[in-house]
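Some notes on the structure that comes next.
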Amino acid sequence: MTPPTTSPSPSELIRRRHLGPGDPVLAWSVRLLSLAALAAVALMLLDTITRSADLLQVTSVWDFLVGQRWAPASVVFGALPFLYGTLVTSLLALVIAVPLALGAALLINEYLPRRIGGPFSYAIELLAAIPSVVYGFWGITVLVPLVRPVQDGIAGSALGALPPFAGPAPGPSYLVAGVILAIMILPIVTSVARDSIAATPRLQREAALALGATHWETIRHVVLPFARGGVFAGIILGLSRAIGETIAVLFVIGNLSEVNASIFSPGSTLPSVIAAQFAEATGAFHREALVALGIVLFVLSFGVNVLARVVVGRFERQAGGADVR
Amino acid sequence: MSADTATRLRGTAARRRTTDRVILAVCALAGIVAIIPLAAVIGFLVVEGLKAWTPAFLVEAPRGVTTAGGGALHAIIGTLLMTGLALIIAAPLGIAVALYVVEYRAGRLAIAVRTAVDLVAGIPSIVIGLFVYSLVVLTMGTFSGLAGAIALSIIMLPIIARTSEEMFKIVPRRLREGTMALGMPRWRAVAQVYIPTVATGIMTGIVLAVSRAVGETAPLIFTALGSNFVSTDISRPMSALPLYMFQNALNIGFPAARERAWAAGLTLVAMVLLFNVLGRWLAGRTALPTSRR
Amino acid sequence: MHLDRLTWRPAAAIALALGVTLGACSSGGSSASPTTPDSSQAAGVVDLDQVPSAPDYGTPITASGATFPQPVYETWAQDYANQTGIQISYTGGGSGQGIADITDNVVAFAGSDAPMKDEERQAAADANGTEVIHIPTVFGAVVMAYNLEGVDTINFTSDVIGRIFTGEITNWNDPALAEDNAGLPDQAITVVHRNDGSGTTSAFTTWLCSVSDSWKSALGAERCKGKEIEWPVGLGGQGNPGVASTITTTPGAVGYIELAYGVQNEIPYGNVENAAGNFIEPTLASVSAAANFDTIPEDLTFTASGSEVEDAYPITAATWILVYQEQDKVAPDEGQAQAVVHFLLWALNDGGDAAEGLDYATLPDQLREAALAKIGTITWDGTPVVDSLY
C-alpha cells in the first residue's frame, strides 16, 4: 500500500482514529452536548448566587448561618433552626437505620439461603423506589397518630425531665421525621453494606473458618474490617439522601422555625422550609433568604458527596482494590 | 490436657456457639424490622387506596381540591407528557456526556463535565425546582409543563449519564480492538458496536431515571404548579400524579381529598414499581458481565 | 380617571354604537348618550348587572392565591367551565402566593384576603407598568376551630383568644375559659396557626390586635397584625387546609380557619364574642350582618371585622380578586383579558347561589355595584374590556 504523500500514515490514522467524515461529526456533537450540559449547570449556579447576593444588604454570611431567629416579617433571617433541624433529623435517621441496615445486610449475605435472601433484598430495595410524597402522606396519616401517644407518654414520664425528651409533644416532631428518613435511607445503606460484605476475599474467610472460628467470629474479625470502608460509604450516601429529602419531612415535622432541644418537638429542616415558604415569600428579602438557604443546603450535600467519594476511594485502595461499588 | 482445661474449653466453646446464635437472632430481628415499613406502607396504600380507587379515577377529569368527586386524568396525562419530554431532553444529553467522558477522555473539559454532572446529582430536587423557576418560569411569564419537564430532565440527567458511563467503561477490550482491526471509524464503532452492546444497560439507566422522575414532587411545585383541568398544553401549568397527590394530601381535612390522595398514591406507586421492576429485569439481562451479580 | 375617559372617547364612540345595537337586542334599561361621560358607570352604555355572552377562549387560565375562598372559587370555576367552556384553574397557595404570582405576572389574576400593602402595590406597578385593582367577591367568617372530644360548643371572648395565642392560657380547663363554658376537660391547648403568607391570618390578627390587649402588648402595635406573624407559640399549617388538617389530627388543638373548611371537614368551631357583647355563632346570617357598609373607599379595600352590629360575627373577612387594570400590558392576548373580565362579571352576578351554598356571604348591593363598576375600568389598549363583551 502506497499512501499518497499528502494524507497521514496508517499509524498516524490509527493513533488519531479518524477514518471517515463521520468522526468529526460525532466528536463535535458529543462535545457540544456536553458543553451544553456544563453551561446549563453553570447558569443555574450563577443565577442562584446572584439572586441571593442581595441578602448581604441586610445580614452578613456569619449572622445568617448562626442566627437563631427566622422572622421574615421583621426581616430577620437566621438559618440555625434549619441547620439544626437537618442535623438532628439526619442523625436520628442514621442512628435508626444503620444498625438495622447492617443487621439486614449480614442476614441476607451471611445467613439466609440465596433463594430467600434474593427476594428479601429485592423487597428492601423496593423501599427506595417509593416516592417521598407517599411516605409523607403515610407518615401524617398513619405514623404520627401511632407515635403521638408514645411521645406523650415518654414526655410525661420521669424521662421527660431530660431536655431531649421534654414535652410538649403535639405529634409532628424531629423524631417522626427521623423515623421516616430512616425508612427512606435503609435501602441505600443496606445495599452498599451488602456489596462490601460480599466483596470480602474468600481466602481470608476460609482461613478464619479453618482456624475454628464460629460464623460470627469470622464476620467480626474478617468480614467487617474489610467491609468497613464500604459500609461507611453507604452511611454517607444515606446521609446525603436524608439531608436533601423535602416532601416526606414537610408532612411530618410540624414546620416550626425554631431550635428546640426535645426530639419530640416540631421543627423544620432546610429543604422543608424552602418548600413551605417559597411560594408566597413576598416580603422584603424573603425569597433571597430562601434561595440562600438553598445554597447552604447545596453546599452541605456537595460536601457530603465529596466526602463519600474520598472515603470510598481510600477504602478501595486499602482493601486491595476490592470492588466496593 | 487436664480435665480443668477441658472443662474451661468446653465452656468457652459453648459460649461462642451461643454468641453465634444470638447474633443470628439479632440479625433476623433487624431484617424483620427493616421489612416492616415496606409492608406497612404498601399495606395501607393498598387497603386505603382500593377503598377509594375505581377505574373511573384514571379517566375522569378533576373537579377541584376542595370539591368532592373528580379523577386524576389530568395528572396522569401530565406525568406522561412531562416525563416523556424530560426523557427526550435528558437521554441524548446523558448518553453524549457519558460517551464524551469515556471515549474522548483527554482534556479538562471531560473532567469538568463529569464533575458538573456529579454536582447536579447531589442537588436536592427542591433546589432544582427553584433554579428552573427563576430561569424558565419567570422568563416565560407563566408556570408551564415545559418548565416542569426541564426540571425533571435535570434530575434524570445524572442517573442516565452515570449508568451509561459505567456501561461504556466495561465494553470489552477485545471488542474495541476488533473494531480498530477492522478499520472502523470511531463513529461507526460507537453507533454500530458499542451502543448496541450496552443498549440494555443504557435502557436500565433510562428506565430507572424515568421511575425516579415519575415520583418527584418538589421540583414540580414551582414549575408546573398544577392545574384543575385536563390539558395537553405544555406552555401552560400542568398537573402530575405526585403533584396531584401532594395537593390532595395537604387537604386531608376534606374526606374527598383524603380518599383521592390514597387513590393517587396507589396509582403512583404502581406506576413507579412497574418501571423499577422493569429496569431491574433489564439489568439482569445485560449481555456483559457487570461488577455486581 | 377623568383624563383617561377623555382620551378613549373617539374609540368608545364606535364601541358605543355597537353597544347600543347590542343593548337594544338584549334588554331594556341600558341607555346613555354617546357624548356624555357618565361618572356613575365607567363604561358608557353597558349594564353590568346583565352577564353578556361568553367570549370564545380556549386557552386555560391560571390563577392562584388565598385558600380562604378556594372552595367557592373552585366551584365557580367548575360551573363557569361547564357553562362557557372557559377553563380557569385556581390553585390556591395562600394570599402571599397570589400576591407574589401577580407581581411576577405568572397568573391572570390572584386571590387575596389581605389588601395589598402600599409597597406591594408599588412593586407590582413598577414591575408591570400598570396598577393592580382589588375586586371584592365574597365575605367569609374566620372561625375558631378546635379538637376536643365530647365538647359541642365553646364560647370564646376576645381576651381569651388573645391569651391563648400568646401562650398565656395553656389548658382547656383554665378559669378564664370556665367563666363562659362549663365542663371543659383537662387537656393541653395546642395552638395552630398559618405557616405561609396568609390573608386569613391578616384578617384574624387585625381583629385580634384591635380587641385583645394581651395580644397587642405581647407583639407590639406594629407586629401584632399582618399576613405573616412571628407566633409566640403553636404549630404551623400550610394554608387553610393545612391548619384544618393539623387541628383534626391533634387532640386539644385550636386554630383559625375559614368557615367553609370547618363545615366541610366537620370540625367543630366556637362562638365568638362581638363588639356588642354577644357570643355569635358564625353562620351565613351573622356574616352577612357584618358585611354592611356605609362608606366604601375608592379602591374597594376595607376591614370587615369588629362590626358593632348586634348580631354580626366579629371575625368577618372579605376577600378580593387582584387583577391588573391595563390588561394589554400583562395579558398574552386580548382573549384572556376578555375571559377574565367575563368571569368576574359572571361571578358577581350569577355566582351568589354557589357561594351561599358554601356559607360565604355575597356582597351587599352597594358594594356589588361598586365592584362591577370597578370591573368596568379594566382596559385593553385604553378601551374598557366590557365594551367588547356587551
Side-chain angles (χ1 to χ4, degrees), chain A residues 14 17 19-20 22-23 25-27 30-31 33-34 37-38 41 43-44 47-48 51 99-100 103-104 106-107 111 120 123-124 126-127 129-138 141-142 183 186 190 214-217 240 244 246-247 271 274-275 278-279 291 294 297-298 301-302 305 323 325, chain B residues 16-17 19-20 23-24 26-28 30-31 33-35 37-38 41 44-45 92-93 96-97 99-100 104 109 112-113 116-117 119-120 122-127 130-131 134-135 157 180 183 185-188 190 211 215 217-218 221-222 242 245-246 249 252 261 265 268-269 272-273 276 291:
Chain A
I14 292 172
R17 289 196 266 176
L19 289 171
D23 265 0
V25 170
L26 177 67
V30 167
R31 209 172 275 154
L33 285 173
S34 305
L38 188 62
V41 175
L43 193 62
M44 287 196 306
D47 185 69
T48 315
R51 285 198 91 206
L100 285 178
L106 283 174
L107 185 69
Y111 292 108
F120 191 75
I124 290 189
L126 279 184
L127 276 176
I130 297 181
S132 54
V133 60
V134 174
Y135 278 120
F137 184 57
W138 177 82
T141 48
V142 176
I183 299 175
L186 193 67
T190 311
T214 62
H215 200 173
W216 162 239
E217 284 162 356
S240 163
T246 314
I247 299 292
I274 296 174
F278 190 82
V291 172
L297 178 60
F298 169 59
S301 320
F302 185 59
N305 278 341
D323 191 15
R325 258 178 298 124
Chain B
R16 287 166 62 206
R17 269 200 299 274
T19 316
D20 204 36
I23 295 295
L24 171 56
V26 167
C27 287
V33 173
I35 213 78
L38 181 68
V41 174
F44 269 93
L45 211 52
L93 270 177
V97 166
L99 205 54
Y100 187 65
Y104 300 85
L109 186 58
V113 169
V117 168
L119 223 92
V120 173
I123 302 181
S125 54
I126 184 141
V127 177
L130 290 185
F131 284 145
S134 71
L135 283 180
L157 180 68
M180 283 195 253
R186 182 184 257 160
W187 68 270
R188 261 248 181 110
V190 166
S211 149
T217 318
I221 300 178
F222 309 132
M245 182 181 180
F246 179 66
I252 50 175
L268 182 61
V269 168
V272 167
L273 286 184
N276 202 268
S291 49

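Throughout, a chain's letter reflects where its sequence line sits, starting with A, and its residues are numbered from 1.
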Heavy-atom cut-off 4.5 Å, strictly under: side chain, backbone, both or neither for [X] against chain A?
X: L268(B); answer: side chain
X: L38(B); answer: both
X: V113(B); answer: both
X: V117(B); answer: neither
X: V120(B); answer: side chain
X: F44(B); answer: side chain
X: V272(B); answer: side chain

Which answer fits [X], side chain, backbone, both or neither, if we ask what part of it has an atom under 4.5 Å from a heavy atom of chain B?
X: I247(A); value: side chain
X: V133(A); value: both
X: L186(A); value: side chain
X: I274(A); value: both
X: Y135(A); value: side chain
X: T246(A); value: side chain

Heavy-atom pairs under 4.5 Å with chain B - which of I130(A), L43(A), V142(A) has more of them than the others?
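Ranked by contacts with chain B, first place is V142(A).
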Value rounded to 0.5 Å, distance of CH2 in W138(A) from CG in L45(B):
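Answer for the CH2-CG pair, W138(A) versus L45(B), is 11.0 Å.
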Less than 4.5 Å apart, side chain to side chain, heavy atoms only: is that true for V97(B) and L33(A)?
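Result no, sub-4.5 Å side-chain heavy-atom pair not found.
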T214(A) and T19(B), any side-chain heavy atoms less than 4.5 Å apart:
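The answer is no, as the side chains (C-beta and beyond) never meet within the 4.5 Å cut-off.
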